[in-house]
Amino acid sequence: MADTPTGGPMSRSEKRHESHLGRSYAVFIKHLSEVGKLEAGVVECAAVSVINALLHRIQPEEAKDLEAQLPRKLLEFLPKEEGKKPARKYGRTRDDFLRVVAEDLGKDASEVETLVRAVFLGLREHISEGEAQDVESNLPPDLQDLWRRTQ
């Protein structure tokens, strides 16, 4: 009986729920690749990196509100902080933001602004207008400009 799952079989509702989570994530990623004209291999990594950096740049309460509107499967890919300070500094400037994303993606900082704008655009279209305004108001002016350029 070693190969019997410890959690038991999933009910139909659990299977439907899991299927829904996968579909909402797939729709989000497909939308990002279409609006940002991103390659399939880049879109998922770019989404995780940009959203993680964005969540570190806004107020914790606002980050929770934004997370609540994202596909749960996407949130599973984000690094867990476990109550500690992030290992690296996310800085306060646009250049810092782009540098962090570039490091995550193994690219030069000058190459990632287009990726960041594409993810911002897809994200803005996925969340409510009120949430988009709240995110913008929590960003420093140079990042607000980058966020607005996706409208």
Any non-hydrogen side-chain atom of [X] less than 4.5 Å from a side-chain atom of [Y]?
X: Val50; Y: Leu115; answer: no
X: Asp142; Y: Trp147; answer: no
X: Ser137; Y: Glu62; answer: no
X: Asp65; Y: Glu131; answer: yes
X: His126; Y: Pro71; answer: yes
X: Leu121; Y: Leu32; answer: no

Working for side-chain contact (heavy atoms from CB on, under 4.5 Å), residues Leu54 and Leu139: CA-CA 9 Å; Leu54 182 62; Leu139 295 171; 3.8 Å; yes
Check ion pair Glu76-Arg72 (N to O, under 4.0 angstrom):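 No, no charged N to carboxylate O under 4.0 Å.
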Phe120 and Phe97 aromatic ring geometry - parallel, tilted or perpendicular at 30°/60° bounds: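 Rings of Phe97 and Phe120: tilted, as their planes differ by 30° to 60°.
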Criterion side-chain contact (heavy atoms from CB on, under 4.5 Å) on Ile51 and Glu67, from CA distance to verdict: CA-CA 9 Å; Ile51 291 170; Glu67 285 178 7; over 6 Å; no
Derivation of the side-chain contact (heavy atoms from CB on, under 4.5 Å) call for Glu39 and Val42: CA-CA 5 Å; Glu39 299 171 23; Val42 174; 4.3 Å; yes
side-chain contact (heavy atoms from CB on, under 4.5 Å) between Arg124 and Val135, intermediate numbers included: CA-CA 10 Å; Arg124 284 184 71 102; Val135 168; over 6 Å; no
Check: Thr93/Asp95 side-chain N/O donor and acceptor closer than 3.5 Å: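 No donor-acceptor contact under 3.5 Å links the two side chains.
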Distance-only side-chain donor-acceptor flag, His31 / Glu125, under 3.5 Å: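 Indeed, the side chains of His31 and Glu125 share at least one donor-acceptor pair under 3.5 Å.
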Leu66 backbone acceptor or donor facing Gln69 side chain under 3.5 Å: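 No, Gln69 side chain to Leu66 backbone: no donor-acceptor pair under 3.5 Å.
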Heavy-atom donor-acceptor pair, Gln144 side chain to Glu136 backbone, under 3.5 Å: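 Present.
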Criterion side chain to side chain contact (heavy atoms under 4.5 Å, CB included) against Asn52, the qualifying member of Val101, Val100, Leu78: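 Exactly one option meets the side chain to side chain contact (heavy atoms under 4.5 Å, CB included) with Asn52, and it is Leu78.
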